[in-house]
Amino acid sequence: MKEIERHIAFGGVQSVYEHVSRATGTAMRFAVFVPPAPGPRPVLYWLSGLTCNEQNFVTKAGAQRVAAELGLVIVAPDTSPRGEGVADVEAWDMGQGAGFYVDATEAPWSRHFKMWTYVTQELPELVAATLPVDPARQGVSGHSMGGHGALVAGIRHPERFRSVSAFSPICEPSACPWGVKALGGYLGDDRRAWAEYDAAALVRSRGYRGALLVDQGLADGFLAEQLRPEALEEACEAAGVELALRRHEGYDHSYYFVATFIEDHLRFHAEVLDR
């Protein structure tokens, strides 16, 4: 693991690391903010959205000040494998920058696109072995495609991720154009495989014992066709899952929305992880 970027922020350290991933078979980058507090500290994994990399959250969300106050480590990985020899297409919603946090089973994607294993297993193991974190106190959050990944990771692995939140998540990818394209391309035509990466479907099939926090802007241009928060809301109500779905007039899909409410999410995670 090699540190390729380092900045002091609010008394803590904002770094970017690069390492060779066993899961993807490529070099992967992830950003880490370590607060000015003695370890081991609780850690929040942030999963970014389509077209993003490890830089988007750390440069746009404005999370470091509150994370420093709370003593919360934040880890933000890239959204896909990249580089020469890694499959890609010209469309921005598939391929490099659009890994969808799944383990692809279909060629040509299956060779490198193992983002599910990377973000839920390999990266947390690497972070726990090298950084001052408490692996018993992990949370997960994200935005858009990353919100989808966060919800799925938290629902499928509550023993690993004790707190879960999302901004503008793709809540039912099996029923929206982005999801149908990505899940079909990466996983093939068997919709039973898709259901393992669909937050609304997972709540319907297995429930969830914790609390979910989701923020959604009502001026989000992707809301009606792609995000489908009402599907998650209906599934949680039917399964008796505690969901705080906060709808905000005037807010769109951008990081201006994320930056506005990120403090609420960080405090939510810190409270759960400090119990």
Side-chain angles (χ1 to χ4, degrees), residues 1 3 5-17 29-49 52-79 101 118-143 146-147 149-151 153-155 157-169 210-215 244 246 255 257-275:
M1 188 169 88
E3 187 179 57
E5 191 174 321
R6 180 182 179 90
H7 310 280
I8 302 300
F10 299 98
V13 178
Q14 177 66 65
S15 300
V16 175
Y17 292 94
R29 291 185 177 187
F30 63 94
V32 181
F33 178 72
V34 177
R41 301 302 309 162
V43 55
L44 176 65
Y45 289 87
W46 174 270
L47 307 183
S48 292
C52 293
N53 58 28
E54 80 286 344
Q55 293 288 335
N56 291 74
F57 178 77
V58 299
T59 58
K60 296 180 179 180
Q64 290 90 345
R65 176 185 61 81
V66 178
E69 174 195 334
L70 298 173
L72 186 64
V73 175
I74 303 179
V75 177
D78 199 352
T79 55
Y101 304 103
Y118 181 71
V119 300
T120 64
Q121 296 180 34
E122 182 180 6
L123 182 59
E125 290 171 4
L126 177 64
V127 167
T130 56
L131 294 168
V133 305
D134 180 355
R137 293 189 290 165
Q138 297 185 149
V140 62
S141 186
H143 172 239
L151 291 172
I155 294 166
H157 289 298
E159 77 288 353
R160 292 183 204 168
F161 302 106
R162 288 171 45 191
S163 57
V164 185
S165 75
F167 288 82
S168 315
L212 303 174
L213 171 61
V214 174
D215 277 327
R246 309 192 308 179
Y255 263 88
F257 174 51
V258 173
T260 300
F261 297 103
I262 191 63
E263 180 169 350
D264 292 352
H265 285 243
L266 297 182
R267 294 191 183 281
F268 166 78
H269 287 278
E271 180 179 357
V272 174
L273 297 176
D274 281 341
R275 290 173 187 165

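If you're wondering where the values come from, they're calculated on a predicted model, not measured in any experiment.
Residues V73 and P35 share a closest heavy-atom pair of CG2-CD, 3.6 Å. Across all non-hydrogen atoms, the minimal contact from A61 to I262 is O-CG2, 3.4 Å. Nearest approach of Y255 to S48, heavy atoms of both residues: OH-OG, 3.6 Å. The heavy-atom pair separating S141 from A150 by the smallest distance is C-CB, 3.5 Å. Residues N53 and D78 share a closest heavy-atom pair of CA-OD1, 3.1 Å. In terms of heavy-atom proximity, V13 sits nearest to S15 at CG1-OG, 3.3 Å.
A distance of 12.0 Å separates CD of E125 from OH of Y118, quoted to the nearest 0.5 Å. Interatomic distance, CG of L70 versus CZ of R41, reported as 9.0 Å (0.5 Å rounding). Taking CZ of F257 as the start and OG of S168 as the end, the distance is 4.5 Å to the nearest 0.5 Å. Y17 contributes atom OH, which lies 4.5 Å from atom CD of E3 (distance to the nearest 0.5 angstrom). Distance check: S163 OG to L44 CG gives 6.5 Å after rounding to the nearest 0.5 Å.
The backbone N or O of T120 lies less than 3.5 Å from a partner atom in the side chain of R160, making a donor-acceptor pair. Not a single donor-acceptor pair under 3.5 Å links the side chain of D274 to the backbone N or O of E271. Side chain of T79 to backbone of C52: a donor-acceptor contact under 3.5 angstrom is found.
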Q | Trace of the side-chain contact (heavy atoms from CB on, under 4.5 Å) decision for R65 with E263 | A | CA-CA 9 Å; R65 176 185 61 81; E263 180 169 350; 3.3 Å; yes

Q: Decide yes or no on side-chain contact (heavy atoms from CB on, under 4.5 Å) for V16 and F30, but give the supporting numbers first.
A: CA-CA 6 Å; V16 175; F30 63 94; over 6 Å; no

Q: List the steps, then state whether salt bridge (charged side-chain N to carboxylate O under 4.0 Å, His left out) holds for E69 with R267.
A: CA-CA 10 Å; E69 174 195 334; R267 294 191 183 281; 3.0 Å; yes

Q.
For R6 and Q14: C-alpha separation, side-chain torsions, deciding distance, then whether side-chain contact (heavy atoms from CB on, under 4.5 Å) applies.
A. CA-CA 6 Å; R6 180 182 179 90; Q14 177 66 65; over 6 Å; no

Q: Step by step, work out the side-chain contact (heavy atoms from CB on, under 4.5 Å) result for V43 and D134.
A: CA-CA 7 Å; V43 55; D134 180 355; over 6 Å; no

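In this model, a donor atom of one side chain and an acceptor atom of the other lie less than 3.5 Å apart for E159 and H157. Between the side chains of D215 and H265, at least one donor N or O lies within less than 3.5 Å of an accepting N or O.
When side chains are defined from C-beta on, L213 counts as touching R246, because their heavy atoms get closer than 4.5 Å. Contact annotation: the side chain of H269 never approaches that of P42 to less than 4.5 Å [non-hydrogen atoms, C-beta and beyond]. Within the 4.5 Å cutoff, no side-chain heavy atoms of I74 are placed close to those of V32. Between P132 and V34 the shortest side-chain heavy-atom distance falls below 4.5 Å.
For R162, the CZ atom sits in a packed shell: over 12 heavy atoms of surrounding residues, nucleotides or ligands are nearer than 6.0 Å.
Q55 pairs in a side chain to side chain donor-acceptor pair (under 3.5 Å) with only one of the listed residues (K60, E5, R29), which is E5.
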